[in-house]
Amino acid sequence: MVSGEPDQVMFSTTGKGKTMRQTRREFLKTVAVAGSSAALLECTGLLRKASAEDLAESMAEVKGYTYCDGCNHVPMCGMVYFRRGEVITRLETRQDHNYPNSTICSKGYAQLQEQYHPDRLRYPLKRTNPKGRPAKWKRISWDEAIRTTAKHLNGVKAKYGADKVCFFTGDPKEMRPVLQRLAYSFGSPNFGSESSTCFRSVSLGSLLLSGLPRPGAGPGKETRNCFVWGVNQSYSMATAMKSLLRAKEAGVRYFVVDPRKTPMVRTLDGFHLPLRPGTDGALALGIMNVVINEDLYDKEFVGKWVHGFEELKVYVQEFPPEKTARITGVPADRIREAARAFADGPTTVMLSASPVVHHTNGNQNLRAVLTLFAITGNFDRPGGMVVPPPAVLPSTTDGHPVFCRRTDLLPKLQPLRADRDYFPVWAELVSEIQMNRLPEYVDRGRIKAMLLFGGNAKMWPQPHLYQKALLGMDFSAAVDYFYRPWTHDYVDLLLPAATCFERLAPAAVFGRSVYQRQPVKPLGEAREDWQIITDIGTALGLKKEFFNGSLEAVINEDLKPTGLTVEQLRKAEGSMATVPASGAPKPRKYELGMLRPDKLPGFDTPTGKIEVYSTILEKHGVDPLPTYKEPSESLLSNPEMAKKYPLVFMTGARIPFYTHTKWRDVPWVSEFQPEPVVNLNPQDAKARGIREGDTVILENSRGHITVKAHLTEMVGAGMVDIYHGWVKQDVNTMLARDFDPISGFPPYKSALCDVKKASV
Ligand code: SF4
């Protein structure tokens, strides 16, 4: 609860699993800050019957553009908004937006309810009671907030060193480039993000194998087969389904590798390989066994461009189809059929961020999958895993290395990384630090202060340790849209962020097209992240790097490689410009010297080849081949535990209504699933006397939560699946902090558990 003026007293429901409650008067008060309108009331669905006298004077409807940040990807689907005054009244899909086939989804439309949610933070807040208790906040000015932050960060720098300050971004990803610039300019290499549990393990596996930061993916014109490996885009990126369906109509055959029978199997008529969670590596090795023994690999490519093939050839003999079937649960004839698809390529793969890598053996699993596509000659082959031509700017996820100061400042700071001796492979190849050992970094005095943009202390297994870590810091400040007690009760300052309708930065870049937002005035004193970071940088004394606080100058610096400026984009039709391509896309870039900084043919790895035998892993004393080990907690590795907890526990897969912890208080989407449910196969349910909708206890050796049962064939027998991000029924309390030694990723998808009916 909040002290101070009445405007601040609006935190009572946020994030506690309740639906939004708000009186009409309160709602009108909320929007009155920017001027209310009838259309807004109707489109948000909060007050459908607002009477005429409640409505502001009718104003002309004006069109503007933004792009959605709802998925926690990069700036994504283009939106046309319509506003009256400064109030947005409705949204439409921006048809000329270049994000492929983008169409606003349910969450995108619901952004408007989040935008005008009564609990939105509107002023900088400073706590008036000790950390670790329900916060009491006092409104302060932005000037005080920025000065206080700068004073504490410079204090930690003077006392312990700049590296003791950690700069963290969670959701959205949009502030990553400018926050890196701040961290490295300040003198700390300790910039981290939620990618420590997301896409970066795929990226790391790809770097180890081929030197490419991300594997090319998705079907193209020449593709014959597409492996959809652990991806359920119908839920996680529904807007991309159109292109997959078009490819299906054009004759692409889909192989869906997934423990669950997701809608991808049915919608794409996919050949399903239903594996036991965490056995992706074994499956890939089993398929390679057939590919190699039946001479289906690309001998010319392997002979010229693959390092370690002979060692791999020997190793895969340990994975004949029948044995692989016993490990993975995928029938041997299906393994053979999948392998034989490689005789009829090109074959590509779509990999998602998590199902393959959220295990203690995750990175080797991922390397095995990528190795399969490498030895079959599908790397950068038309219709295969095509390496996209360089975009005019790197994605917001990575930021431009020069703008971020990764090229000139970070190399010198590397020895000061907090993660250096915990995850040495990651520390060598990934510029951002691995955040998952934050409690240990704090315990060992490596982190003393932290800035969190969209941070969530509950995103990790055993979240209480991360809350304790925040509590143990000399200073921390969080920037967010809402007060989220499970994180913000442990910080000193809470600053209000502007939304994707209220921000100018950053540009959205797809290929050669550059888009700029046309922001409306933020609610209250909400401020955009890039501006907050620019202000903090300037207050820290980094005036040159942050152009004396000029946001526009900072964005112009980021835009430099495009040759565009904010002003030019502002004047351009639809605030969009296209930068001409420097040439036609080329396949087999490795032959043309396009994948290495020295421009020599080959791959950007120590041997210049695809390293199925990784010389970097060998240097670090890790198995250089993509070897398979059981997850450390599994039916096979832990048979004693499996007697008590015979079901495999999966969490973290997307559902259509939520993105991680977001949207629980937004009626348009939360009404679809107002409470957590555990998905259970009817066979397992019957064996336990559980029926649809029963209250059940999901338990394992680390804890339990009480939820409702949902019976579904989507989940195979012997496993359960539950969505994460519920504050009370927090699945992360049931997970081990047992990290993959290569990537540092936690095992979100291979714990053991059981489900029983709750007594009523
Ligand atoms: S798919 Fe939906 S939530 Fe994601 S960016 Fe597009 S509109 Fe937003």
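Counting convention: from 1, in listed order, for ligands and their atoms alike.
- When each atom of ligand 1 is checked for a heavy atom of Ile104 under 4.0 Å away, the hits are 7 (S).
- Close approach of ligand 1 to Gly70 is summarised as follows: ligand atoms under 4.0 Å from at least one heavy atom of the residue are 3 (S).
- Each of the following atoms of ligand 1 lies closer than 4.0 Å to a heavy atom of Lys107: 3 (S).
- Other residues, nucleotides and ligands contribute at most 12 non-hydrogen atoms within 6.0 Å of the CD atom of Glu573.
- Of the options Arg527, Arg120, Lys521, a salt bridge (charged side-chain N to carboxylate O under 4.0 Å, His left out) to Glu502 is made by Arg120 and by none of the others.
- Paired with Lys458 under the rule side chain to side chain donor-acceptor pair (under 3.5 Å), one option of Thr487, Asp730, Asn732, Thr661 passes, and it is Asp730.
- Those atoms of ligand 1 with a heavy atom of Met76 less than 4.0 angstrom away are 5 (S).
- Each of Leu564, Thr578, Val509 was checked for a side-chain contact (heavy atoms from CB on, under 4.5 Å) with Val392, and the lone residue meeting it is Val509.
- Atom 2 (Fe) of ligand 1 has no N, O or S atom of Cys77 under 2.8 Å away, backbone or side chain.
- Taking the six-membered ring for Trp, Phe255 and Phe227 have ring centres closer than 6.0 Å.
- Heavy-atom proximity to Cys68, at under 4.0 Å, picks out these atoms of ligand 1: 3 (S), 5 (S), 7 (S), 8 (Fe).
- Among the atoms of Cys105, no N, O or S atom is found under 2.8 Å from atom 8 (Fe) of ligand 1.
- Defined by atom type and a distance below 3.5 Å, a donor-acceptor pair is missing between the side-chain atoms of Arg654 and Ser352.
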